[in-house]
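We count ligands from 1, going down the list as the structure has it; atoms in each ligand are counted the same way. Keep in mind the model is a prediction, meaning the values are calculated, not measured.
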Amino acid sequence: MCGILCLVLEGGVSGLTPCVVTGLTEVYNQWIAGDESVVLTEAMRTKLDNLERIRTATQRLKTVRNDVKGKHRVEREMLEKEIAKLTLEGSESLSSSSPSSTPQPAAQAPLAGPIKQFKSLESSIAARGPDYVSRQVHGKYALFSSILSLRQPFTSQPMLTTNGFILQFNGELYNEECLESCDTSFIASMLAVIPSEARQQGVIDLLNRLKGEFAINIIDITEDIVYFGRDQIGKRSLLYRQEQDSLLIGSVAHDSSWTECQNRIYIYANGVIDSQPYDNYNSPLDMDVSLDIIEETLKKAVSIRTSTIHPQVATPSTLAVLFSGGLDCTVLAYLLGNELRCTNHQIDLLTVGFDNPRINQTASSSPDRLLARKSWANLSKIFAEDSVVFNLVEINVTYAEWLTHKERVTRLMAPNNTEMDLSIAIAFYFASNSRYPSVKTTLVGTEEHCVENYKSTAKVLFSGLGADELFAGYSRHEALFLDIAEDSEDNNVTEMYKALHASLVHDVDVIHKRNLGRDDRVIACWGKEVRYPYLDPDFISVAMAVNPRQKITYSFKTVVTKKCLEGKRVLVLERKHILRQLAGRLGLEWVKGELKRAIQFGAKSAKLEVGQSKTKGTDTL
Ligand SMILES: *[C@@H]1O[C@H](CO)[C@@H](O)[C@H](O)[C@H]1NC(C)=O
Ligand SMILES: *[C@@H]1O[C@H](CO)[C@@H](O)[C@H](O)[C@H]1NC(C)=O
Ligand SMILES: *[C@@H]1O[C@H](CO)[C@@H](O)[C@H](O)[C@H]1NC(C)=O
Ligand SMILES: *[C@@H]1O[C@H](CO)[C@@H](O)[C@H](O)[C@H]1NC(C)=O
Ligand SMILES: *[C@@H]1O[C@H](CO)[C@@H](O)[C@H](O)[C@H]1NC(C)=O
């Protein structure tokens, strides 16, 4: 993953100096220190420990206070002193560790002038790209880029072309021309040959040609125009904030005063922002799609996302799967295993669970964890002969850790700010956080080998996001069919399937604002990048051409109950039918029947705090 930050300040940028930092040097650590300081691990833990001791002391104090005869005077004084000391310690350790460390809810952060705003985001941008950080100033433009290098040869950013374009690029391109090389250089070389008499059309045409997952910022210095945006689906985060004389564009934002880019092309000229859609957006194939075609296209989507991780080092793990053990991610894990047969690769299956003090449940008993174990064990067996090792990486998040990181996650996911956003974002945040110790389990024969304190080295994470949108995996999709009766007319049923298709097209169209921006912002802060095979443009075209009758199927069966001994006919619906067929064909019988569970419920990251049982997902934080 990379980070993009750009400031356009009419009248010119002053007070910012150019600089370059490579590798994990001390200077780099200073860059990200600003970001990390929000994570008050030690201090907050002390506070939490103290909290327990304060509680005990207060309890005891109540008893001795009621003792009127004064026998316990000494103990009472000692208890009062202890409470005072513990209380002070808690607040001191919080404020002394770093002056800027008091977590501020993102929405309340004070807004300063554009240059200050630019600088205050640099640490979050730096955290996204641990290999290289650079700041440049060109007249009225200030640019800050960070790079996580995954393609060879390494290419620095921002890139300047000889004909006056500046390029900032965060993403992966899968155009044929650059599968073997660096995609950033590919774009720069295309910019360099844009004819001077048609610069604007040249940039728009180029953006329409790019295939992959990206956010991009192109400045045309000669014509004074900025082009920016996210790919056709919107897989990478990009936001902007316009004020009278300034425009800020960034991978992350301060607060809800920023606007998230849609999956369109944005053009900023003469102080005005305009946007236009991509050509050929989301055009489905005009053909009947078979299971063969679905399998082949998904395999290819997995394959190009695997082969473009450079260098191809097998051990320790270079890639991981965000893994609940369910249908979508298990199919992906299988295809990855298949792709890496006989290469001695290790694949980390990341499964996250939260201790929930409110309902007194431990991370390891969360529903996802149990399913993840089963799918991991089965996958391990399938690939036992093929030198592909699946590591089950169990991440248990304690309540204290949840508390500690909550503010940082809240800040990172901005402008999104609801309870539901937090419960989803924090699950991804911990799943992708390889500094947080986890337990790795590998199956050798029938024996489980555990390694404690495991830290995943995978830089690329695969996500099953998109399968529910393409194949109808949500209950709201199923709800469209609840009125079906055995004697329903064909016409009526056809209308229901039309409605389903329209609903899926809409879901794909808005997935950038429902999921992708927020998830990118919280995952990338660990210098990791997510890839989404189901959201590959070719795969979307195929999936959208699948007859919706293959996505949700219905039948009727007779159910005998105590009340109704002769049996009652009930409607049975199956979501993501064709994807289950694919799972069956691949030999993944055990996930065929699994139902959808949203990550915040599967990992139990929703409603952790006491008194939250009535909290709604839509509540603002
Ligand atoms: C919470 O669960 C643990 C075991 O998982 C049990 O020992 C403890 O008593 C429970 N606490 C409450 C308040 O239910
Ligand atoms: C998957 O695991 C379950 C038990 O966890 C087992 O019953 C089943 O046979 C396994 N399936 C395959 C295909 O290995
Ligand atoms: C998570 O919980 C499981 C089950 O209790 C345990 O085996 C594992 O060691 C725990 N992992 C961590 C990182 O604490
Ligand atoms: C079909 O739909 C029409 C109106 O939409 C409704 O009046 C009719 O009862 C439906 N028929 C069946 C069999 O569901
Ligand atoms: C996240 O924020 C963006 C920009 O404000 C908004 O369009 C989108 O609907 C939000 N997403 C969710 C899930 O609330």
Do Ser438 and Glu394 pass the side-chain hydrogen bond (donor to acceptor under 3.5 Å, both in side chains) test, and can you show the C-alpha distance, the side-chain angles, and the key distance before you say yes or no? CA-CA 6 Å; Ser438 53; Glu394 293 174 90; over 6 Å; no
For a side-chain contact (heavy atoms from CB on, under 4.5 Å) check, start with the C-alpha distance between Leu7 and Leu143, then their side-chain angles and the critical distance, and finish with the verdict. CA-CA 6 Å; Leu7 167 66; Leu143 304 123; over 6 Å; no
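His477 and Asp507 share a side-chain donor-acceptor pair at under 3.5 Å.
The side-chain heavy atoms of Val133 and Phe144, taken from C-beta on, include a pair separated by under 4.5 Å.
The salt bridge (charged side-chain N to carboxylate O under 4.0 Å, His left out) test with Asp536 is passed by exactly one of Arg531, Lys211, Arg305: Arg305.
The main-chain N or O of Gly3 is never found under 3.5 Å from a side-chain atom of Asn170 such that the two would form a donor-acceptor pair.
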Does ligand 5 have any N/O pairs with the protein under 3.5 Å, and how far apart?
| from | atom 1 | to | atom 2 | distance (Å) |
| --- | --- | --- | --- | --- |
| ligand 5 | 2 (O) | Asn416 | OD1 | 3.3 |
| ligand 5 | 2 (O) | Asn416 | ND2 | 2.4 |
| ligand 5 | 11 (N) | Asn416 | ND2 | 2.6 |
| ligand 5 | 11 (N) | Lys513 | O | 2.9 |
| ligand 5 | 14 (O) | Asn416 | ND2 | 3.4 |

